[in-house]
Each structure stands twice: as structure tokens, then as C-alpha cells.
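To start, the structure under review is shown below, and the notes come after it.
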Amino acid sequence: MASMGIEMSQFENFTASSLYCDKCKATMPVRERLLLVLPDKELYDYLCTGCASSVGSREVTAGEKMMAQSIAAQQARRGRRVPTSLHS
């Protein structure tokens, strides 16, 4: 059951790579632009790469950001570990 928590945590923070644009009348690639940094959250805007119109937004709370940084740090530490069999 512990692995279920790890698997689900990877889905807590989504970023869009493409969204539907009303102006272009198609699903288009988007870029994320930071709009506003507040003490408790950050606001992002998704812009269509075809016409630069706003097609969505995302809000990241301070807790979500800290959780993502913690997970990234844990994964980095795991990646740097050298197996004990290589020491001899």
C-alpha cells in the first residue's frame, strides 16, 4: 500500500503541454507563464504558441511546491547512490 502513495503523488502536479485554443480552433501546444507570486501560491497562465492568446491557468500552492521540491530532492539522492558492490 505504501507504493500506492508514491504512485499517486506523481500525479499531484500536472502541467499542460497542449490545450484547445478558441482562436486557432485546434488543440495547440502551450507555454506556461508565471503571472503572480503570492505568499501562499503562484499563479500561472497557459499561452497558445500559435496566437499567444490565454487558453488556461494553473495555481500552485506553497504546500504543493514544497512537496514537489521534496520529492525531487529524494529522487536526486536516490540517483546519486553508488551500490556497495562497486566500492570494492
Side-chain angles (χ1 to χ4, degrees):
M1 195 66 162
S3 66
M4 182 67 156
I6 294 169
E7 290 174 15
M8 292 304 292
S9 68
Q10 66 184 330
F11 297 109
E12 288 182 12
N13 293 314
F14 280 109
T15 55
S17 58
S18 60
L19 293 170
Y20 182 79
C21 176
D22 283 332
K23 280 188 178 179
C24 296
K25 303 288 187 220
T27 302
M28 299 293 289
V30 293
R31 64 183 179 89
E32 189 177 57
R33 178 179 65 163
L34 178 62
L35 283 180
L36 185 61
V37 177
L38 299 169
D40 62 336
K41 61 186 167 188
E42 294 176 349
L43 303 176
Y44 293 88
D45 193 28
Y46 285 111
L47 301 175
C48 172
T49 57
C51 66
S53 62
S54 177
V55 292
S57 62
R58 180 169 83 104
E59 190 175 296
V60 178
T61 64
E64 290 170 337
K65 188 174 180 181
M66 287 174 53
M67 175 85 90
Q69 290 171 343
S70 173
I71 291 170
Q74 287 175 353
Q75 290 173 345
R77 283 193 299 267
R78 286 184 190 141
R80 285 185 268 169
R81 287 187 185 160
V82 177
T84 55
S85 61
L86 296 178
H87 288 296
S88 45

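Throughout, residue positions are numbered sequentially from 1 according to the sequence presented.
- Ser54 meets the side chain to side chain donor-acceptor pair (under 3.5 Å) test with Asp45; sequence neighbours excluded.
- Atom OG1 of Thr49 sits about 10.5 Å away from atom CG of Leu19, to the nearest 0.5 Å.
- Between Leu35 atom CG and Glu59 atom CD the span is 11.0 Å, to the nearest 0.5 Å.
- Residue Cys21 comes nearest to Met28 through the heavy atom pair CB-CG, 4.1 Å, listed as atom of the first residue, atom of the second, then distance.
- Applying the salt bridge (Lys or Arg N to Asp or Glu O under 4.0 Å) test to pairs two or more places apart or on separate chains, those with a residue in residues 20-32 are Glu32-Arg58.
- Residue Cys48 comes nearest to Cys24 through the heavy atom pair SG-SG, 3.8 Å, listed as atom of the first residue, atom of the second, then distance.
- Annotation: side chain to side chain contact (heavy atoms under 4.5 Å, CB included) contacts of Gln74 (sequence neighbours excluded): Ser70, Arg77, Arg78.
- Shortest non-hydrogen contact noted between Leu43 and Leu34 is O-CD1, 3.6 Å.
- Under the 4.5 Å side-chain heavy-atom criterion for ILVMFWY residues, a single connected hydrophobic cluster contains both Val37 and Tyr44.
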